[in-house]
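Working notes for the structure below.
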Amino acid sequence: MREQIIFTENDRIAVIAPHPDDECLGASAALLLAPDRCDIFVLSDGSHGCKERSMEEEAIVRKTQFENEMEYVKPHSWHWFGVEDTKLNEHKELGMQIDFTPYTKIFLPWLKSFHPDHVAAAEMCIDAIRRQHAKAECWSYEINVPFYKPTHYIDITEIEEEKRKLVRFHADQNGQENVNLSLNAFRAAQMLAFPEYKYVECYEKVKTE
C-alpha cells in the first residue's frame with residue numbers, strides 16, 4: 001500500500017535535480033504545494049541537452065529556462081552548481097557542499113535510473129546525508145521510467161495544469177511533458193481505491209541510516 005506524502009507548515013524541503021527540468025518532472029508537487037518551504041539544487045548545466053546547439057549555447061538556454069521557471073514558482077531558494085552535463089560522476093564532492101541537516105523532507109533522483117547523472121547525484125547526496133547525520137525523510141522521484149515498487153505518492157490532479165506550465169518552461173526538451181504526465185496518469189489509474197485521482201506522482205522511500 002502506497003503512503004501519501006503530506007507537507008506541513010513546519011517542513012523544510014530540498015529537491016535535488018541533476019539537470020534543469022528534473023525538479024519539475026519528478027517533484028513538481030513540492031514546488032507547487034510548498035514553494036515557500038522548498039529549496040532547489042540543480043547540479044549540472046544541462047549543456048548536452050540539445051544537439052542543434054553548442055554546449056556553451058545550450059548551457060545558457062537551459063539556465064535561462066530554469067531561471068524563468070523559478071521566477072514563476074518563487075521557491076524559498078534555488079542553487080545552480082553548473083557542472084558539465086554527463087560529468088557528475090567526476091564531482092562526487094558536490095554532495096557535501098549542500099547542508100542537508102535543516103531539512104525535514106528531501107527529494108532525490110532514482111539510484112536505479114538509466115541516466116548516469118541521476119545515479120551519481122543520488123549516490124553523492126545520500127552519502128552526504130549519512131555523513132552529516134541529517135534526519136530528513138528521503139524519497140526518490142521517478143522520471144519517464146516507472147519504479148518497480150513505489151512506496152509513496154502525492155495526488156497532483158488539482159495541480160496538473162500547473163505542472164505542465166513548469167515543464168513547458170524547458171521548451172527545448174521535447175516530449176518530456178507527454179511522457180511524464182502520461183506516467184502520472186498511469187500511476188493514478190493504478191490507484192483503484194481513489195477513482196477521483198487523475199494524476200499522481202510516485203516516490204520510493206530511501207533509507208539513509
Side-chain angles (χ1 to χ4, degrees), residues 1-5 13-31 38 40-49 62 81 83-98 100 103 105-132 134-156 163 166-167 170 173-191 199-209:
M1 183 67 179
R2 298 171 193 168
E3 297 181 35
Q4 186 177 13
I5 298 174
I13 305 159
V15 176
I16 306 299
H19 311 99
D21 76 348
D22 290 332
E23 72 289 335
C24 62
L25 292 171
S28 71
L31 277 64
C38 192
I40 297 100
F41 299 86
V42 179
L43 304 187
S44 84
D45 60 6
S47 58
H48 291 206
R62 298 295 297 277
F81 287 82
V83 171
E84 183 184 338
D85 196 354
T86 77
K87 303 293 185 182
L88 285 183
N89 196 47
E90 301 174 13
H91 299 270
K92 294 186 177 181
E93 77 286 351
L94 280 184
M96 286 300 291
Q97 292 184 28
I98 302 171
F100 289 103
Y103 295 105
K105 290 180 171 68
I106 300 172
F107 293 89
L108 302 159
W110 191 27
L111 274 169
K112 297 179 181 179
S113 171
F114 294 156
H115 198 302
D117 273 353
H118 289 211
V119 176
E123 288 178 343
M124 70 175 70
C125 289
I126 290 170
D127 178 65
I129 290 165
R130 288 171 175 163
R131 289 167 62 186
Q132 295 174 16
K135 301 301 182 184
E137 293 183 281
C138 299
W139 295 275
S140 295
Y141 52 76
E142 61 181 358
I143 297 177
N144 300 342
V145 179
F147 292 146
Y148 308 133
K149 293 183 179 180
T151 61
H152 290 73
Y153 76 92
I154 299 175
D155 172 30
I156 63 165
K163 176 169 184 171
L166 300 192
V167 176
H170 308 273
Q173 302 302 294
N174 293 330
Q176 292 288 357
E177 178 184 344
N178 288 336
V179 172
N180 221 72
L181 272 295
S182 294
L183 175 57
N184 297 152
F186 164 69
R187 288 307 194 189
Q190 289 181 312
M191 302 188 69
Y199 293 90
V200 166
E201 285 186 346
C202 277
Y203 312 88
E204 187 176 89
K205 185 75 171 179
V206 177
K207 295 181 180 179
T208 58
E209 295 182 355

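Values below: every heavy atom of this structure, side chains too, minus hydrogens, waters and symmetry copies.
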### Query
Looking at CD of Glu177 and NZ of Lys163, how far apart are the two atoms once the value is rounded to the nearest 0.5 Å?
10.0 Å
### Query
Are any of the side-chain nitrogens in Arg187 or Glu142 under 4.0 Å away from the carboxylate oxygens of its partner?
yes
### Donor-acceptor contact present, side-chain Asp155 to main-chain Val200, <3.5 Å
no
### Task
Compare all side-chain heavy atoms of Ile143 with those of Asn180 and state whether any distance is below 4.5 angstrom.
yes
### Task
State whether the side chain of Asp85 and the backbone N or O of Asp45 hold a donor-acceptor pair below 3.5 Å, judged by distance alone.
no
### Task
For the pair Gln190 and Cys202, evaluate side chain to side chain contact (heavy atoms under 4.5 Å, CB included) and give the outcome as yes or no after the intermediate values.
CA-CA 11 Å; Gln190 289 181 312; Cys202 277; 5.6 Å; no
### Message
I need the Glu204 CD to Arg2 CZ distance, nearest 0.5 Å.
### Response
11.5 Å
### Message
For Glu209, is the CD atom crowded, meaning more than 12 foreign heavy atoms sit under 6.0 Å from it?
### Response
no
### Query
In Å and rounded to the nearest 0.5 Å, what is the CG to CG distance from Leu43 to Asp117?
8.5 Å
#### Entry: pair His19-His115: side-chain heavy atoms closer than 4.5 Å
yes
### Task
Kindly determine whether Ile126 and Leu111 satisfy side chain to side chain contact (heavy atoms under 4.5 Å, CB included), including the steps that lead there.
CA-CA 10 Å; Ile126 290 170; Leu111 274 169; 3.7 Å; yes
### Query
CD1 of Ile16 to SG of Cys125: how many Å apart, nearest 0.5 Å?
4.0 Å
### Task
Could you check if a side-chain atom of Ile5 sits within less than 4.5 angstrom of a side-chain atom of Phe107, using non-hydrogen atoms only?
yes
### Query
Would you call the rings of Phe41 and Tyr103 parallel, tilted or perpendicular, where under 30° means parallel and over 60° means perpendicular?
perpendicular
### Task
Show the numbers, then the answer: is there a side chain to side chain contact (heavy atoms under 4.5 Å, CB included) between Lys105 and Trp139?
CA-CA 8 Å; Lys105 290 180 171 68; Trp139 295 275; 3.6 Å; yes
### Query
Nearest 0.5 Å, what's the CG-CG distance between Leu166 and Leu31?
6.5 Å
#### Entry: Flag, side chain of Glu201 to backbone of Ala29, donor-acceptor distance under 3.5 Å
yes
### Message
Please check: side-chain N/O of Ser47 versus main-chain N/O of Glu84, any donor-acceptor pairing under 3.5 Å?
### Response
no
### Message
Within the structure provided, determine whether Tyr141 and Pro109 are in side-chain contact (heavy-atom separation under 4.5 Å).
### Response
yes
### Task
Could you tell me how the ring of Tyr148 sits relative to the ring of Trp110: parallel (under 30°), tilted (30 to 60°) or perpendicular (over 60°)?
perpendicular
### Task
Identify the two heavy atoms, one from Gln132 and one from Gly95, that lie closest to each other, and give their separation to 0.1 Å.
NE2-O, 4.2 Å
### Query
How long is the span from the SG atom in Cys138 to the NZ atom in Lys205, to the nearest 0.5 Å?
7.0 Å
### Task
Start with the C-alpha distance between Lys92 and Asn89, add both sets of side-chain angles, then the distance that settles side chain to side chain contact (heavy atoms under 4.5 Å, CB included), and finish with yes or no.
CA-CA 6 Å; Lys92 294 186 177 181; Asn89 196 47; 3.1 Å; yes
